[in-house]
Enquirer: 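Please find one structure pasted underneath; my questions will follow.
Treat the numbers as computed from the prediction; the structure is a model and nothing was measured.
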Amino acid sequence: MDEALNLLKFSNKKAAEVIKKVLESAIANAEHNDGADVDDLKVSTVVVNEGRSLKRIMPRAKRPC
């Protein structure tokens with residue numbers, strides 16, 4: 001878990017900070033709710049899906065009839 005946090009800490013990618021917060025939250029939840037040992041936790045998969053997309057229209061002039 002420490003390795004994942006260190007990679008995210010020194011990454012200059014925009015999403016690294018967000019993923020780091022999610023990982024820290026997951027660690028805190030595991031400690032508080034399950035009483036899990038932090039050293040035994042492992043990141044098995046990370047899935048990132050597309051976010052919302054804005055549908056934009058292109059305004060055009062109307063053709064005469």
Enquirer: Do the side chains of V38 and V22 join up, straight or via other hydrophobic residues, at under 4.5 Å, putting them in one cluster?
Expert: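 In one cluster with V38: V22, no.
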Enquirer: Could you go through residues 39-48 and list every donor-acceptor pair under 3.5 Å that involves a side-chain atom there, pairing it with any protein atom two or more places apart or in another chain?
Expert:
none

Enquirer: Does L5 have any side chain to side chain contact (heavy atoms under 4.5 Å, CB included) partners at least two apart in sequence or in another chain, and if so, which?
Expert: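 Residues passing side chain to side chain contact (heavy atoms under 4.5 Å, CB included) with L5: K20, L23, E24, I27.
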Enquirer: What residues form a salt bridge (charged side-chain N to carboxylate O under 4.0 Å, His left out) with E31, not counting sequence neighbours?
Expert: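 Per chain and number, E31 pairs via salt bridge (charged side-chain N to carboxylate O under 4.0 Å, His left out) with no residue.
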Enquirer: If you round to the nearest 0.5 Å, how far is CG of D2 from NZ of K9?
Expert: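 The NZ atom of K9 sits 11.0 Å away from the CG atom of D2.
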